[in-house]
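Each chain gets a letter, A, B and so on, in the order its sequence line appears, and its residues count up from 1. Values in this document were obtained by computation on a predicted structure and should not be read as measured data.
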Amino acid sequence: MRFVTGPTPPPHDRIKPVKDSRKSTSLAGIWFGLTMLVMAYGFYQAMVAPKEATMGNLYRVFFYHFPHTILSFIFPYINCVASLLFIFWRQSKPELAAKADAWAVASAEITVVYSTVGLATGMLWGRAAWGIWWAWDARLTTYLLLWLLYVSYMMLRSFAAGGQTAMVASVLGVFAAIDVPICYMSIHWWRTQHPAPVFGGGDGSGIDKSMASAVLWNVAAFLMWGIFILGWRYALERRRQHQDNLATEAMLRGDIGSENA
Amino acid sequence: MNYADYVLAHFAKEVRLEWRARDAINGMLFFTLLVVVVFAMAFDPASYPTITRQISGGLLWVAVLFASMNALNQSWARELKNSVLDAHRLAPAPPSALFLGKALANFLFVTATEMVLAPVFVVFYNLHPLGQTWLLLVVLPLGTWALVGNGTFFAALSLRTRNRELLLPLILFPISLPALLAMIQATTSILTGDASPMLWIKVLFAYNIVFTTACLMLFGFVLQGE
Amino acid sequence: MIPFSTLSERHLVYAYLVVWILQFGYAGWLAVQWKKTPRD
């Protein structure tokens, strides 16, 4: 048996510091600048697009409502893939699993942001255009469901105890991803069996050529914005994971090496 | 022992424990009775038979849903005492057998409650189903399994959280919404005789297959994951 | 200058404001959290 005297030897799996190189920070900055330009141009396009026949200026809400609703269906997929990867990699590749979990929480949070905006703009538009805040038609009900699912995901994450968070959340993420298509189909069947008034004759069905460019610019703007905040939230989560690791290591080292401290 | 023996062993244990204490079933029965009475204050069942038939399906399932929360929250709580859960983890039995045994036991308890609740509903709301009533014997078990299967799984998941009684309904309801829609639509169409419930019965069946498979596959991860 | 008299006009303004407040507010929260979390 060898007794180690003198200073504690460094652990062989030293925790690597977060790679936050200059390159990625400046890339983020450039992307942010570009996003702001596209967003400004999109806003300009939205304001100068010709007035709509029935709704007048109110329809311009669509230029911001539509990108958010469309994009809020992309982030849940990221969450699903990330949750599955976490489950697969948890034992075999813990470092990659941690990255997967960071993507999962980032994409879930962005989903909640985008779907909240989609719901809010939709309700404001609906109230002004058709006199009602809400209708239980297929599209709106499914959308509300999407919002509820990912809000419940975020609540599970905040209620979970310490190191369990990633694990329980990944399971819920998989279930939520399975649930979304089932929800969509069953709600669609519900509403076609007993047809109810459909809001607005279908968004996107009557886009005039003159308005198409404004729609596309705003979709691009909010897609770029979504990528920006997704990446930032991911980086923030990685920093937090790193801080947690450091705290755990310090606690362990404090217990074991107290006579050498 | 084969897989079925494990499931049966867990199932028998759950039923035995519940029979001795009977707290889950009593709690559920009383709760559903209260719900029936409170809902009856919201509308007048005797004077409006058509409306009563249209909404009774929804009321029944809301009552079952909230009652089963009771049973589900308790069912895992008893595993936390005396490190029983750790014993489960160490045992060589397949973890999904534990889940299945418990889910089947909860299914039995909730179905027992429904056997009491359904006649109470019929009596207090003067329900006279206009559709094929025997189909209810198909819809009730399918719907109950959808709630109880996922519920048992998520109750196990919420063991690892603080404030688990609050969290279980929060995560269970959004996931169960398509099943709830299907079971309420099926029950309502049987009661009102308006449309065929077959579409919804198929939806429930498909939902149960998909989610029970997911639960069985992921339960080992939930139990062992540390 | 910004039309605000009818319900339609008000809701248009609210809708755009809601989008900006939610999105830039979230980004602001991210920025605050980013400052608070040390790098290593």
Stepwise side chain to side chain contact (heavy atoms under 4.5 Å, CB included) test for C:T37 and A:H242: CA-CA 10 Å; C:T37 316; A:H242 184 63; over 6 Å; no

Segment of C:Y26 engaging chain A (4.5 angstrom heavy-atom cut-off): side chain

Separation of C:L30 CG from A:I110 CD1 (nearest 0.5 Å): 6.5 Å

Short side-chain to backbone donor-acceptor contact, C:Y16 and A:Y64, under 3.5 Å: no

Spacing of CE belonging to A:M123 relative to OH belonging to C:Y14, to within rounding of 0.5 Å: 15.0 Å

Contacting region of A:Y59 [heavy-atom separation from chain C under 4.5 Å]: neither

Residues that A:Y114 engages under ring-ring contact (aromatic ring centres under 6.0 Å, His included), provided they are two or more places apart: A:H68, A:F75

Part of C:E9 lying under 4.5 Å from any heavy atom of chain A: neither

Heavy-atom pair of closest approach, residues A:T121 and C:V19: CG2-CG2, 3.6 Å

Shortest non-hydrogen contact between A:I229 and C:A27, atoms and distance: CG2-CB, 4.5 Å

Within 6.0 angstrom of C:F24 CZ, more than 12 heavy atoms from elsewhere: yes

Distance in Å, C:R10 CZ paired with A:R127 CZ, rounded so as to fall on 0.5 Å steps: 10.5 Å

Residue A:W232 excluded, over 12 heavy atoms near CH2 under 6.0 Å: yes

Polar contact flag, side-chain donor to acceptor under 3.5 angstrom, C:Q33-A:R239: no

Interface residue of largest heavy-atom contact number with chain C, from A:L124, A:L58, A:T116, under 4.5 Å: A:L124

Residue A:F222 versus chain C: region with a heavy atom under 4.5 Å: side chain

